[in-house]
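Accompanying notes for the structure given below.
If you read the sequence from its start, that first residue is 1, and numbering goes on from there.
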Amino acid sequence: MTAGFLGRPNRKGQRLRVYNLVMRAELGEPEVVCRAAMLRELEVDLICLAHYADQGLDGLEEVDRAVGGAFGRALTSGTLTGKSDELFFSDISDPEWSCRRVLLVGAGRGLGDPSVVRGVATAAGVAARGAGGVEKLAWIVPDSERSDSAIQAAAEGLLLGAFRDVRFKSEGEEASSLTHVELIVGRSAAGKMQVAAKRGAVLANCVNIARLLGNEPANLLTPPVFAERALQLVSGGRTTVEILEDEAIASHQMGLLQGVAQGSIEPARVIVMRYEPEGVSDGPVLGLVGKGVTFDSGGLSLKTADGMMRMKRDMAGGAAVIGAMRAIGSLGAPTRVLGIVPAVENMPGGRAIRPGDVLTAANGKRVEVLNTDAEGRLILGDSLVLAQKLGATHLVDIATLTGACVVALGHQSSGLMGNPAAWIETVRFAAEGAGERLWPLPMFEEYAEQLKSDIADLANVGGRPAGAITAGMFLKAFTGGLPWAHIDIAGTAWNEKSATHLLRGATGVGVRSLAELAFQFSQKEKQS
Ligand code: BES
Ligand code: MN
Ligand code: ZN
């Protein structure tokens with residue numbers, strides 16, 4: 001990442017400049033190559049291998065000799081088992097080898113499954129970072145993982161694991177030192193696999209960008225700064241970025257979004273990103289809409305202190321769309337894509353909307369805002385309408401939308417809603433291919449009754465029962481009958497705890513799924 005982040009000076013000019021420099025430093029993108037090589041000739045700081053349960057020493061004979069038989073002894077004594085999350089470092093004693101250290105990462109069962117490979121490679125990346133000073137790393141690809149998808153997953157995992165966000169640490173913690181990753185495969189495979197490795201690297205870097213955005217405090221990542229960042233990160237090549245400010249927002253009559261924004265001194269922005277592949281000027285347009293609430297205080301329906309603590313993350317859906325648009329542009333997806341991120345801050349200022357206020361949406365529908373904390377569906381409703389106006393034929397929105405979705409699915413899966421069933425399945429399938437979990441919730445018409453308003457067309461809340469679904473039903477009223485999928489990432493946008501293969505903080509969830517969808521989409525649409 002070489003683009004500068006020196007956005008236009010604003011009220012916080014100086015602070016912004018310092019901060020932009022740290023963000024740029026953080027975006028070092030390690031070089032990733034896939035090649036054939038002799039293990040002992042690898043000039044790297046660490047050699048990593050996946051070690052499956054029941055694998056024993058199979059395929060590890062050569063490294064075991066280099067570490068003086070340490071792996072064999074550990075297997076016999078039972079300290080080395082290959083179970084998931086196991087990390088086993090050993091020094092290389094053979095003076096013929098260039099590298100001095102090797103790491104076996106427990107992979108459990110599930111030989112060659114790309115999701116397992118991604119997880120193991122992530123653990124290796126985290127461990128390498130923890131070991132300190134690892135600039136060059138080699139990942140040995142066994143025969144069982146020699147598929148494009150497994151190679152891509154390995155590259156993704158290593159770069160996701162090596163990520164570290166030290167922008168706001170003055171001392172003590174180092175940014176990732178990793179500059180070079182080698183995926184070592186058999187001679188015949190290397191050329192073909194290089195493409196998959198590069199693809200994995202691009203995707204991981206875009207996920208890491210979404211993680212940086214998600215981690216950023218709301219005093220720095222205001223709606224205008226968020227928009228500036230999208231401009232820097234996404235525009236270029238065949239992608240354009242346009243930022244809608246007050247007048248443009250008003251001209252699109254986005255009354256729901258304006259209503260949410262008016263309680264904050266920070267102005268709203270709507271980020272509009274367009275990707276047009278070469279030679280494709282008609283056909284379907286994939287419309288991606290991401291919730292970009294840079295801070296959600298709840299507005300006058302104020303959250304509790306606990307509930308508000310992590311609400312800087314409420315723009316994670318927007319970050320996912322920005323990351324995906326960058327990946328789509330860099331990888332050259334075969335389909336037209338429109339990305340929209342409504343960016344607002346939900347605050348209880350003197351001009352804030354009140355419970356009971358009625359707002360008019362971009363499609364003319366009148367909404368009674370009974371709870372100002374149900375703001376995500378308001379800004380998304382207007383943005384789904386905008387996406388249609390700007391030519392989208394198929395819609396996907398992604399949002400940290402409801403606490404109810406966290407209650408339903410916890411932190412292990414995002415919620416998936418929408419219609420028709422075939423489109424939902426297309427989206428779910430793409431996510432599965434990208435190694436991200438989506439699980440469907442029903443959209444029975446009866447749920448819409450919970451959104452009936454006494455005085456307006458609909459209310460913005462539907463009570464406690466099925467809270468994730470009624471939020472989805474609200475959005476449905478703004479989709480104009482187009483194929484539409486809604487992804488609720490309230491439970492998956494953030495890791496609460498660090499683990500062997502996880503780092504506490506923003507996850508960048510959605511980037512890989514949405515990018516994958518842009519690749520699968522046009523093929524499916526041509527068939528149907
Ligand atoms: N941003 C929140 C949803 C959320 C909750 C995300 C927890 C991540 C973790 C959303 O704007 C919100 O406040 N939703 C309300 C809706 C309710 C008022 C109908 C909620 O879930 O409580
Ligand atoms: Mn809210
Ligand atoms: Zn919110």
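In summary, the side chains of Gln232 and Glu228 do not present any donor paired with an acceptor at a separation below 3.5 Å, with no hydrogens or angles considered. A donor and an acceptor atom, one from each side chain of Glu135 and Thr179, are nowhere located under 3.5 Å apart. Between the side chains of Thr507 and Asn495, no donor-acceptor pair of N or O atoms lies under 3.5 Å.
By the 4.0 Å N-to-carboxylate-O rule, Glu156 lies close enough to Arg118 to be salt-bridged with it. One finds no salt bridge joining Lys136 and Asp45 here, because no Lys/Arg side-chain nitrogen approaches an Asp/Glu carboxylate oxygen to under 4.0 Å.
Looking only at side-chain heavy atoms (C-beta outward), Gln194 and Val33 come within less than 4.5 Å of each other. The side-chain heavy atoms of Leu137 and Cys48, taken from C-beta on, include a pair separated by under 4.5 Å. For the pair Tyr275/Arg336, no side-chain contact is recorded, criterion being any heavy-atom separation below 4.5 Å from C-beta on. Contact check for Leu401 versus Leu380: side-chain heavy atoms found under the 4.5 Å cut-off.
Checking Lys198, Arg199, Lys192 one by one against Asp148, the salt bridge (charged side-chain N to carboxylate O under 4.0 Å, His left out) holds for a single residue, Lys192. Between Arg326 and the options Val321, Ile209, Thr239, Leu331, a side-chain contact (heavy atoms from CB on, under 4.5 Å) holds for only Ile209.
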May I have the step-by-step check of side chain to side chain contact (heavy atoms under 4.5 Å, CB included) for Leu220 and Phe168, ending in yes or no?
CA-CA 12 Å; Leu220 299 174; Phe168 308 107; 3.6 Å; yes
Between Leu49 and Leu103, does a side chain to side chain contact (heavy atoms under 4.5 Å, CB included) hold up when you go through it step by step?
CA-CA 6 Å; Leu49 299 97; Leu103 167 65; over 6 Å; no
For Arg35 and Glu182: C-alpha separation, side-chain torsions, deciding distance, then whether salt bridge (charged side-chain N to carboxylate O under 4.0 Å, His left out) applies.
CA-CA 7 Å; Arg35 66 186 188 99; Glu182 296 190 354; 2.9 Å; yes
Quick one, Leu503 with Val126, criterion side chain to side chain contact (heavy atoms under 4.5 Å, CB included). Give me CA distance, side-chain angles, the key distance, then yes/no.
CA-CA 8 Å; Leu503 183 67; Val126 173; 5.7 Å; no
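Atom CZ of Arg437 has 12 or fewer neighbouring heavy atoms from other residues, nucleotides or ligands inside a 6.0 Å radius. Dense packing is recorded around CD of Glu31, with more than 12 heavy atoms of other residues, nucleotides or ligands lying under 6.0 Å away. Counting heavy atoms of neighbouring residues, nucleotides and ligands inside a 6.0 Å radius, atom CD of Glu496 exceeds 12 of them.
You'll find the ring centres of Phe88 and His51 outside the 6.0 Å limit.
Considering every non-hydrogen atom in both Ala138 and Leu42, the closest pair reads CB-CD1, 3.8 Å.
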